[in-house]
Amino acid sequence: MRPQLSRSVVHQTRRHLYAPTRKGYKVESIFEDARTAEFAAATSNAEGSKLPHLNNLPEVIVTGRTDLLHTSSKPGRTRQLNFFRVGPKGGKIILVDAPGYGRRGRAEWGDLFEEYILTRLQLRRIYITFNGKHDLNQYDSQLLRHLSENIISSEGQQRYTMQAVITKADELTKLKGAQSMVESLRKQIWEAAPLCLPPIVTSAKMVPPFGIEELRMNIVEACQV
């Protein structure tokens, strides 16, 4: 059984998912085969490490409370960004896997993540993942506020957009009040970051996967390919 979402939540989410794409590439042509995702580069906080040049392809980055990459026991140390080309013919977009921010919040992100979101001209959208079973904690709110505060550069240019992603929808179906939990989390995200796009609810474990095609469409729309 899939989580029941209100018409308002679905409408607000899909309003951002199905906007026409500029160049007409179909989502299927970019994500049709997981093998089209090719590791392109990695960079860390190590001295001398620089952000890679990847043919100016549009990029999106994913972060969340749970670490997605190799971590260190010390805040801000040996944190790493992994870059993947996705799509045929050398890739159409770049997906960047970022370290999670953990229990200590911003200090764990490291200078590299900060440099990336503040200076990367290819960055189009930041995806922030949240476990649907839990309310936001102070570090989630801190991340959202920090990203919101830096969304506009000192020159008045928008650096990126923000998209919330609620994960583990399959586990929500086992709980009473799943709808109210999703609504509460959506409200908390909006209160912390009004400029963040309404959450996409997902589960990779459902058959078929829930929300994954919508998420892929969102990525293609963000990158305008």
Side-chain angles (χ1 to χ4, degrees), residues 9 12-13 16 43-46 49 51 59-83 95-169 171-172 180-202 211 215 218-219 222:
V9 172
Q12 289 182 63
T13 299
H16 297 282
T43 187
S44 71
N45 283 325
S49 183
L51 295 173
E59 299 178 3
V60 298
I61 188 170
V62 182
T63 190
R65 193 189 309 174
T66 301
D67 289 338
L68 299 176
L69 292 178
H70 305 295
T71 62
S72 167
S73 60
K74 297 182 179 180
R77 295 289 296 278
T78 63
R79 294 288 169 163
Q80 187 168 287
L81 301 180
N82 284 349
F83 295 75
L95 296 182
V96 185
D97 209 1
Y101 46 93
R103 290 177 299 174
R104 290 185 290 273
R106 181 179 172 183
E108 292 196 56
W109 304 343
D111 294 337
L112 182 64
F113 182 81
E114 287 292 291
E115 178 187 357
Y116 179 85
I117 66 170
L118 294 179
T119 66
R120 191 68 165 178
L121 298 180
Q122 294 81 11
L123 176 59
R124 299 294 182 267
R125 184 163 292 172
I126 300 175
Y127 290 82
I128 312 101
T129 63
F130 302 95
N131 187 325
K133 296 196 304 179
H134 303 292
D135 288 337
L136 298 191
N137 64 23
Q138 61 177 326
Y139 305 116
D140 297 322
S141 299
Q142 180 182 346
L143 170 66
L144 288 168
R145 287 194 298 268
H146 178 70
L147 294 177
S148 295
E149 290 167 358
N150 287 285
I151 201 169
I152 304 297
S153 70
S154 58
E155 292 79 22
Q157 300 296 317
Q158 184 170 350
R159 291 188 172 104
Y160 48 77
T161 54
M162 299 164 56
Q163 174 68 64
V165 179
I166 296 176
T167 64
K168 302 183 184 299
E171 296 185 12
L172 286 177
S180 61
M181 292 174 68
V182 171
E183 290 283 0
S184 175
L185 189 53
R186 180 188 64 81
K187 181 180 179 181
Q188 293 171 51
I189 292 170
W190 183 85
E191 289 175 346
L195 295 179
C196 188
L197 296 174
I200 301 172
V201 181
T202 67
L215 181 57
N218 186 282
I219 291 171

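- Residues Asp97 and Leu81 fail the side-chain proximity criterion, which asks for heavy atoms closer than 4.5 Å.
- The closest side-chain heavy-atom distance from Leu197 to Met162 is not below 4.5 Å.
- In terms of heavy-atom proximity, Ile117 sits nearest to Tyr160 at O-CE2, 3.6 Å.
- Considering every non-hydrogen atom in both Arg125 and Asn218, the closest pair reads NH1-OD1, 2.9 Å.
- Of the inter-residue distances, the one linking Tyr116 atom OH with Ile61 atom CD1 reads 5.0 Å to the nearest 0.5 angstrom.
- Atom CG of Leu195 is separated from atom CD of Glu149 by 11.5 Å, given to the nearest 0.5 angstrom.
- Side chains of Asn82 and Gln80: a donor on one and an acceptor on the other come within 3.5 Å.
- Closest approach of Ser154 to Arg159, counting heavy atoms only: N-NH2, 4.4 Å.
- Pairing each heavy atom of Leu112 with each of Thr43, the nearest pair is CD2-O, 3.3 Å.
- The salt bridge (Lys or Arg N to Asp or Glu O under 4.0 Å) search around Arg145 returns none, not counting sequence neighbours.
- Between the side chain of Thr161 and the backbone N or O of Arg124 there is at least one donor-acceptor pair closer than 3.5 Å.
- Taking NE2 of His134 as the start and CD1 of Ile166 as the end, the distance is 12.5 Å to the nearest 0.5 Å.
- The line from CG of Leu144 to CD of Gln188 is 10.5 Å long, rounded to the nearest 0.5 Å.
- Rounding to the nearest 0.5 Å gives a distance of 5.0 Å between OG1 of Thr63 and CZ of Phe113.
- Closest approach of Ile189 to Pro199, counting heavy atoms only: CD1-CG, 3.9 Å.
- Proximity of a side-chain donor or acceptor of Thr119 to a complementary backbone N or O of Glu115 within less than 3.5 Å is detected.
- Atoms CD1 and CD1, on Ile126 and Ile128 in that order, are 6.5 Å from each other to the nearest 0.5 Å.
- Screening residues 189-202 for side chain to side chain donor-acceptor pair (under 3.5 Å), with sequence neighbours left out, gives no hits.
- Side-chain contact between Thr167 and Phe130 is absent, with no heavy atoms from C-beta onward closer than 4.5 Å.
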**OP:** Decide yes or no on side-chain contact (heavy atoms from CB on, under 4.5 Å) for Tyr127 and Leu215, but give the supporting numbers first.
**Re:** CA-CA 10 Å; Tyr127 290 82; Leu215 181 57; 3.8 Å; yes
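- Of the possible polar contacts, none joining the Asn150 side chain to the Leu147 backbone as a donor-acceptor pair under 3.5 Å is found.
- In this structure, Arg120 pairs ionically with Glu59, as a charged nitrogen and a carboxylate oxygen lie closer than 4.0 Å.
- Annotation for Thr129 and Gly64: closest pair OG1-CA, 3.5 Å, computed over non-hydrogen atoms.
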